[in-house]
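Following: one structure in structure tokens, then a few remarks.
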Amino acid sequence: MGGRVLSVASECVPLVKTGGLADVVGALPAALAAVGWEMRVLLPAYRSLRADAADWPVVWSEADLWGGPGRVLSGEVGGVPLLLLDAPHLYDRAGGPYSGPVAEHPDNAVRFAALSWVGASIAREGLEGWQPDILHAHDWQAGLAPAYLGYGGSCGVKSVLTIHNVAFQGWAPAHMLSVLRLPGHAFHPDALEYYGGISSLKAGLVTADWITTVSPTYAAELMRPEFGMGLQGVIAARAPAVSGILNGVDTEVWDPAAEDPPFSAKAMAGKAAARASLSAEFGLDVPGPLAIVVSRLTDQKGIDLLPAVIPDFVLGGGGLVVLGAGDPGMENEMRALAARFPGRVAVRIGYDEALSHRLFAGADAVLVPSRFEPCGLTQMYGLRYGTLPVVSLVGGLADTVIGASPATLTAGVATGVTFHPVDAMAFGRALAQLLALYGQPRLWAKLRANAMAHPVGWETSAEAYAALYERLTA
Ligand code: ADP
């Protein structure tokens with residue numbers, strides 16, 4: 001069937017990125033085009049983007065968009081069909097999408113209300129020759145788009161809201177209700193009222209026709225107080241209209257056949273060579289499995305558990321390379337581990353994409369002991385590179401890795417090692433299991449082959465989004 005989708009977001013690869021949201025927004029148009037859905041992305045024309053769009057045609061305008069003129073320019077960058085909302089009084093500023101050089105912009109509520117307003121207007125009225133069937137809003141910045149669409153009275157366009165990060169909820173004080181062009185009746189606990197103010201994420205959650213998040217397990221977790229960050233009740237109340245769709249990874253960027261040396265499931269010699277050069281680079285001499293961590297060093301990622309479990313892993317023959325930055329205390333703990341186990345544990349504090357590729361290519365396992373993980377990417381890189389993921393059973397980690405157990409090994413489907421709860425005891429047992437599996441070369445080779453055969457590209461995600469759009473528009 002197929003149709004048209006207007007995607008409304010504050011970030012989009014390759015133009016502007018602060019987190020995973022941008023990857024999803026930038027990857028979906030091409031992936032959806034392959035299954036018959038035409039997606040255009042509405043994005044603010046931040047200062048850095050205005051030059052790109054200088055000669056694009058104007059396809060929509062409003063004389064007074066919260067204090068100045070707003071125009072939508074239509075064009076394409078890096079294969080992404082774009083609608084850039086040019087409103088210099090709101091977006092032509094120094095700094096990132098949300099903050100100036102020193103602090104967060106004080107008028108972010110208005111800046112992203114304007115984006116959402118224009119998204120809803122385009123959805124309702126269409127552009128010349130182009131009307132979407134679906135309005136797809138991302139995170140709090142676009143949360144008001146389904147609300148404006150819904151409060152504006154019924155129209156044929158269906159709305160979807162995707163939660164990438166439930167921690168940011170777009171709160172504004174109650175007195176801004178009319179400033180934000182929201183109706184008085186919406187200021188109600190069953191609607192967008194939230195702790196005495198307005199939450200644009202909540203507004204989207206209560207008005208969108210459908211809600212998605214970035215993995216099926218995280219969709220269920222978000223309805224529980226440990227994960228929902230205050231919105232669990234709101235999300236649970238919408239349970240029949242909530243689903244999880246896993247993100248994909250860019251399989252051209254993350255491709256073992258494009259590494260140096262290249263390797264593939266059928267020709268693994270390159271991986272052994274990559275491990276050897278990695279060991280030389282870090283001065284390691286590891287008899288057993290070489291594990292890696294490539295991560296922000298934070299409590300969310302469970303990095304604080306490493307000092308408790310790594311000593312036994314090293315005693316059992318394992319080794320570890322950590323690449324990451326974050327909490328200064330955790331950075332120091334990682335340095336201390338490396339100092340305690342020279343030749344077996346190495347640490348690089350910092351962000352280094354090229355090194356992350358060498359690590360995935362050369363390592364045997366990637367450790368991801370997250371306390372929560374909406375989707376997660378590194379376990380998917382691990383699968384694709386035959387670098388077996390050792391993951392906690394939360395969020396997208398639980399949905400992408402099939403843990404080795406008597407049943408999954410008999411069935412021949414295991415792709416890694418999983419554990420729960422997220423504590424040092426369970427994590428330690430998982431690493432003991434990893435050592436045992438590594439000691440059985442034929443079994444290890446089978447796990448690797450399973451992992452590398454697991455699809456992690458955007459195709460599966462795009463099919464799931466397309467199926468959702470089809471259901472909503474049927
Ligand atoms: P999150 O978005 O919560 O940090 P994800 O697993 O979804 O976690 O994505 C993290 C991304 O950042 C991955 O692509 C990972 O490889 C990358 N990354 C994290 N830390 C580093 C680092 N120190 N150097 C290079 N890449 C990193």
Side-chain angles (χ1 to χ4, degrees), residues 10-11 13-14 16-27 138-139 162-168 213-215 217-218 221-222 227 229 244-256 259 278 281-282 291-304 306 320-328 330-331 333-335 338 346-363 365-385 387 389-401 416 422 456-458 461:
S10 57
E11 302 181 24
V13 157
V16 47
K17 167 168 171 168
T18 73
L21 155 74
D23 293 309
V24 180
V25 172
H138 295 271
D139 271 353
T162 295
I163 307 171
H164 302 263
N165 192 338
V166 79
F168 297 101
T213 186
V214 290
S215 70
T217 296
Y218 193 58
E221 287 169 346
L222 278 176
F227 297 96
M229 302 210 180
I245 298 177
L246 278 167
N247 292 337
V249 304
D250 187 327
T251 50
E252 283 175 23
V253 173
W254 291 96
D255 182 5
E259 298 294 343
L278 195 62
E281 181 178 350
F282 283 93
I292 55 169
V293 168
V294 178
S295 178
R296 292 185 289 119
L297 303 181
T298 66
D299 185 65
Q300 177 203 336
K301 300 293 183 180
I303 299 302
D304 52 298
L306 289 170
L320 174 71
V321 181
V322 177
L323 168 62
D327 181 285
M330 289 184 199
E331 291 181 353
E333 285 189 10
M334 296 304 104
R335 289 188 186 101
V347 171
R348 181 73 57 85
I349 301 298
Y351 190 95
D352 186 336
E353 199 141 332
L355 174 57
S356 75
H357 277 259
R358 295 201 298 285
L359 290 174
F360 280 99
V366 55
L367 313 183
V368 197
S370 302
R371 293 196 165 82
F372 70 93
E373 194 64 79
C375 178
L377 292 174
T378 56
Q379 84 280 12
M380 295 202 256
Y381 305 155
L383 290 171
R384 185 150 167 81
Y385 279 61
T387 304
V390 178
V391 305
S392 53
L393 280 172
V394 297
L397 302 175
D399 294 324
T400 40
V401 181
V422 190
V456 293
W458 277 104
S461 309

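All residue numbers in this chain count up from 1 along the given sequence. Counting starts at 1 for both ligands and their atoms, in listed order.
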* Okay, side chain of R384, backbone of T251: is any donor-acceptor separation there less than 3.5 Å? -> yes

* I292 side chain near L320 side chain, heavy-atom distance below 4.5 Å -> no

* Asked: Between T18 and E11, is any side-chain donor less than 3.5 angstrom from a side-chain acceptor?
  -> yes

* Say you draw a straight line from CD of Q379 to OG of S392; how long is it, rounded to the nearest 0.5 Å? -> 9.5 Å

* **Residues D327 and R296 bridged, charged N to O under 4.0 Å** => no

Are there any protein N or O atoms under 3.5 Å from the N or O atoms of ligand 1? List them with distances, or say none.
from     : atom 1 : to   : atom 2 : distance (Å)
ligand 1 : 3 (O)  : R296 : NH2    : 2.8
ligand 1 : 3 (O)  : K301 : NZ     : 2.9
ligand 1 : 4 (O)  : R296 : NE     : 2.8
ligand 1 : 6 (O)  : L377 : N      : 3.0
ligand 1 : 8 (O)  : K301 : NZ     : 2.9
ligand 1 : 14 (O) : Y381 : OH     : 2.7
ligand 1 : 23 (N) : G350 : O      : 2.8
ligand 1 : 24 (N) : D352 : N      : 3.0

* Side chains of E373 and Y218: is there a donor and an acceptor less than 3.5 Å apart? -> no

